[in-house]
Amino acid sequence: MELKNGSFCPLIKKDCVQLKCAWFTLLRGTNPNTGKEIDEWMCAVTALPMLQIEVAKEVRQGAAATESFRNEVVSINQQAMIDSIGLKRLS
């Protein structure tokens with residue numbers, strides 16, 4: 001059994017007016033739940049959960065990249081300190 005979205009709009013308390021509504025938007029990209037390409041008109045309010053999932057994914061990726069960069073900087077600084085201490089002992 002396949003579930004279908006209803007067309008009732010809780011904001012105006014009647015059926016969706018689609019393109020007459022300012023929140024009816026063309027959405028393009030990849031659905032984070034299914035991985036399928038999206039190129040369709042839909043209500044921005046109904047798209048919010050999907051967009052929030054995508055934003056959370058991007059934030060996680062950004063945080064991971066920042067942590068990786070931080071670890072590289074720490075490693076380089078530690079090696080520079082070791083090299084500096086070694087040079088001071090030789091002089």
Side-chain angles (χ1 to χ4, degrees):
M1 178 174 140
E2 185 177 326
L3 297 176
K4 295 182 180 179
N5 287 338
S7 63
F8 179 77
C9 176
L11 300 174
I12 59 173
K13 308 269 192 278
K14 55 185 176 180
D15 280 345
C16 178
V17 293
Q18 296 188 349
L19 292 174
K20 293 178 184 173
C21 178
W23 289 6
F24 203 72
T25 308
L26 179 60
L27 196 64
R28 290 186 177 144
T30 304
N31 185 329
N33 295 322
T34 62
K36 293 182 181 178
E37 288 293 315
I38 299 172
D39 185 14
E40 62 186 65
W41 288 89
M42 63 174 46
C43 177
V45 175
T46 61
L48 279 176
M50 178 177 51
L51 296 172
Q52 288 174 324
I53 291 169
E54 185 63 24
V55 167
K57 180 181 126 191
E58 294 296 325
V59 167
R60 280 191 301 272
Q61 288 176 348
T66 302
E67 183 179 359
S68 176
F69 178 72
R70 176 223 171 257
N71 292 340
E72 286 295 318
V73 169
V74 167
S75 175
I76 290 169
N77 284 341
Q78 286 176 342
Q79 188 60 45
M81 287 177 68
I82 291 169
D83 293 344
S84 174
I85 292 170
L87 289 176
K88 286 181 182 176
R89 288 186 181 163
L90 292 175
S91 345

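Only a predicted model underlies this, so the values are computations on that prediction, with no experimental measurement involved.
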Through direct or indirect side-chain contacts below 4.5 angstrom among Ile, Leu, Val, Met, Phe, Trp and Tyr, which residues connect to I12? V17
Nearest 0.5 Å, please: how far is OG in S84 from CD in Q79? 11.5 Å
Partners of E54 by salt bridge (charged side-chain N to carboxylate O under 4.0 Å, His left out), sequence neighbours excluded? K57
State plainly whether one hydrophobic cluster holds both L51 and I38, where clusters connect Ile, Leu, Val, Met, Phe, Trp and Tyr through side-chain heavy atoms under 4.5 angstrom apart. yes
Check whether any side-chain N or O of T66 sits under 3.5 Å from a backbone N or O of G62 as a donor-acceptor pair, and report yes or no. yes
Near F69 CZ, under 6.0 Å, is it more than 12 heavy atoms from other residues, nucleotides or ligands? no
Minimum heavy-atom separation for A44 to T25, with atom names? CB-OG1, 4.0 Å
With rounding to the nearest 0.5 Å, note down the distance linking CD in E72 to CD1 in I76. 6.0 Å
Can you list every pair that meets salt bridge (Lys or Arg N to Asp or Glu O under 4.0 Å) and has a residue in residues 30-53, with sequence neighbours left out? R28-D39
By the definition side-chain contact (heavy atoms from CB on, under 4.5 Å), identify the one residue from V55, L27, T34 that meets it with M50. L27
Kindly compute the distance separating CG (L48) from CD1 (I53), expressed to the nearest 0.5 Å. 11.0 Å
Residue pair V45 / P49: nearest heavy atoms and the distance that separates them: O-CD, 3.9 Å
